[in-house]
Amino acid sequence: MPASQDLPAVDVELIKATKRYGSTLAVDCVDLKIPAGTYCCLLGPSGCGKSSLLRMMAGHEGVTDGDLLIGDTYSNDLPPAGRRTAMMFQHYALFPHLNCLDNVAFSLRMKGVPKAARHAKARALLRLVHMEDYEKRLPAQLSGGQQQRIALARALITDPGVLLLDEPLSALDPFLRVRMRAELKRLQTELGITFIHVTHSQDEAMALADLVVVMDRGRIEQVGTPRDVFNQPATAFVARFIGGHNVLSGEVVSATSGHALVALADGHRIGLPACGASPGDSLAFTVRADRLSLSPAAAVKPVAPSPDAGPDGHGEITGRVSSIQYQGTHVEVRLALPEQAELLLATVPERTFFDAPLQEGDRVTARWNARDVHALPEAGRPQAAEEQVEPRQQEAV
């Protein structure tokens, strides 16, 4: 029973939307359009403004400046009940004294819908979330995942065109979180409505979203499909936050139509594909951790690549093993590099690593194909220790 049959999904658009709390700027002049029927994830660290943005869409926070359109309706001043949106909160806020059926049907009860009609619709939604056998149970008699399904059914009973989800999986254990991701994606596909989902989990956004919106400090850093955001980060922040990328920077010493050569602070020279940079420019670039190969460093310093080395060549850099972490399917090896504040991360397949294991302190050369280098549109800014973003953590499957 698609809840949106009578009321189809709608676009959500923010135009120069700003949110201030006193002197604190939470959302800074955001422009964003989420097409109807999209599963969109707002992704970023704590305090980046993603929850404030969601609450502005829901009508639980006012828009300080700018405009909010839901469908073709200017919605800045509409009450939450008039926006065609429904909100599923991080803490499910089920009524402890009502059974599952009455929890789901509650909003229809408040609208004066007769008991038989509201219970019929609530039962249909309980079937949709596979909770039809639990209608008489109280919330205290349910697991966390079951409570989430009831909260989801309750949000859907008003036939919203947009479902807003505020970190809905954060209270679940890792194994259940993965299962519930699949359920959310199934429901969004079946219902066809717009889902806008706030999360700080990179894995969650990658698994669920058609559209990822990466935020930092109240601003949007990048909007794109999960694959585009992962493979072509627009900024050093996105590359670090999404994870799986090493960010290096240096000065362009030569550039042609097909190739650029970048000198790092320690003297290494790295060949990159054409990136539009000119000699003397500061340039940041990324290399994916899973595209690095490691080998013991040669006794003599390797010859730097020549300025005319083509983009089909390889890059390399030498450092010392700082840490080794076994992750089951792979081993994470971090290298300390001369004159570089950040550690270089390589994810090495388990079998490859244990065929020739490394030890902390070993001097190692990391190599990569030049085609696996991505030049960033902006130079990477160094981050203070308190600003360092956490690397992407792989969730248990």
Side-chain angles (χ1 to χ4, degrees), residues 9-36 38-93 155 158 160-170 193-202 204-205 208-224 229 234-235 237-238 241-242 378 381 383 386-387 389-390:
V10 292
D11 298 335
V12 176
E13 185 171 7
L14 295 145
I15 304 168
K16 307 297 182 191
T18 297
K19 178 61 186 177
R20 294 188 183 88
Y21 299 96
S23 61
T24 301
L25 183 62
V27 177
D28 186 5
C29 201
V30 162
D31 287 309
L32 175 65
K33 184 168 184 177
I34 302 169
T38 298
Y39 200 125
C40 173
C41 282
L42 305 179
L43 174 66
S46 297
C48 72
K50 57 189 185 296
S51 289
S52 293
L53 199 63
L54 194 78
R55 292 176 64 82
M56 288 161 64
M57 296 176 192
H60 299 151
E61 297 287 353
V63 179
T64 306
D65 293 303
D67 292 324
L68 167 66
L69 279 77
I70 299 176
D72 57 0
T73 303
Y74 174 86
S75 301
N76 288 38
D77 301 321
L78 288 179
R83 295 185 177 217
R84 295 231 23 236
T85 63
M87 184 92 164
M88 182 175 168
F89 296 95
Q90 182 176 357
H91 302 291
Y92 308 134
T158 57
V162 182
L163 180 64
L164 307 172
L165 304 104
D166 188 6
E167 303 211 35
L169 306 180
S170 62
I193 65 175
T194 309
F195 275 36
I196 305 176
H197 176 139
V198 160
T199 181
H200 61 267
S201 166
Q202 299 91 331
E204 202 169 289
L208 285 169
D210 306 312
L211 187 71
V212 176
V213 180
V214 185
M215 296 186 65
D216 183 41
R217 303 182 185 184
R219 293 187 175 184
I220 292 176
E221 293 274 321
Q222 187 170 359
V223 178
V229 170
T235 66
F237 172 84
V238 174
F241 187 78
I242 289 295
E378 53 135 39
R381 68 173 178 84
Q383 292 179 304
E386 66 270 16
E387 295 177 334
V389 296
E390 292 296 324

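Keep in mind that what you see is a predicted model, and the values were worked out from it rather than measured. Nothing fancy with the numbering, it's 1 onward along the sequence.
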Would you say the side-chain atoms of R83 pair up with the backbone N or O of N76, donor to acceptor, closer than 3.5 Å? yes
For a quick test of reading the model, state the closest non-hydrogen atom pair linking M88 to P168 and the distance between them. CE-CB, 4.2 Å
Measure across F237 and P45 and return the closest heavy-atom pair with its distance rounded to 0.1 Å. CZ-CD, 3.7 Å
If you look at every heavy atom in I193 and P160, which pair is closest and at what distance? CG2-O, 3.6 Å
Determine, stepwise, if the pair T194 / L163 fulfils side-chain contact (heavy atoms from CB on, under 4.5 Å). CA-CA 6 Å; T194 309; L163 180 64; over 6 Å; no
Just by distance, do the side chain of Q202 and the backbone of F241 share a donor-acceptor pair under 3.5 Å? yes
Just by distance, do the side chain of D166 and the backbone of F89 share a donor-acceptor pair under 3.5 Å? no
Heavy-atom nearest pair, A17 first then V27, reads O-CG1, 3.6 Å
Within this structure, what is the OG-CG distance for the pair S201 and L169, rounded to the nearest 0.5 Å? 8.5 Å
For P35, is there any backbone N or O sitting under 3.5 Å from a side-chain donor or acceptor partner on D11? no
Working note: I34 + E13, criterion side-chain contact (heavy atoms from CB on, under 4.5 Å); need CA distance, chi angles, decisive distance, verdict. CA-CA 6 Å; I34 302 169; E13 185 171 7; over 6 Å; no
First locate atom CG of L25, then atom CZ of R217, and finally report the distance between them rounded to the nearest 0.5 Å. 12.5 Å
Step by step, would you call M87 with M57 a side-chain contact (heavy atoms from CB on, under 4.5 Å)? CA-CA 10 Å; M87 184 92 164; M57 296 176 192; over 6 Å; no
I'd like to know if the side chain of T73 and the backbone of G71 have a donor-acceptor N/O pair within less than 3.5 Å. no
Heavy-atom side-chain contact between I15 and D31 under 4.5 Å: yes
What pair of heavy atoms forms the shortest contact from T199 to K50, and how long is it? O-CE, 3.3 Å
Distance from I70 atom CD1 to R84 atom CZ, nearest 0.5 Å? 9.5 Å
From CG (D28) to CG (D216), nearest 0.5 Å: 11.5 Å
For the side chain of K19 and the backbone of A26, is there at least one donor-acceptor N/O pair under 3.5 Å apart? no
Would you confirm whether T235, through its side chain, and V238, through its main-chain N or O, come within 3.5 Å as a donor-acceptor pair? yes
Any donor-acceptor N/O pair, T18 side chain to C29 backbone, under 3.5 Å: yes
How long is the gap from CG on L164 to OG on S51, to the nearest 0.5 Å? 11.0 Å
Could you state the interatomic distance from CG (D210) to CZ (F195), rounded to the nearest 0.5 Å? 11.0 Å
In short, L43 meets A205 closest at the heavy-atom pair CD2-CB, 4.0 Å
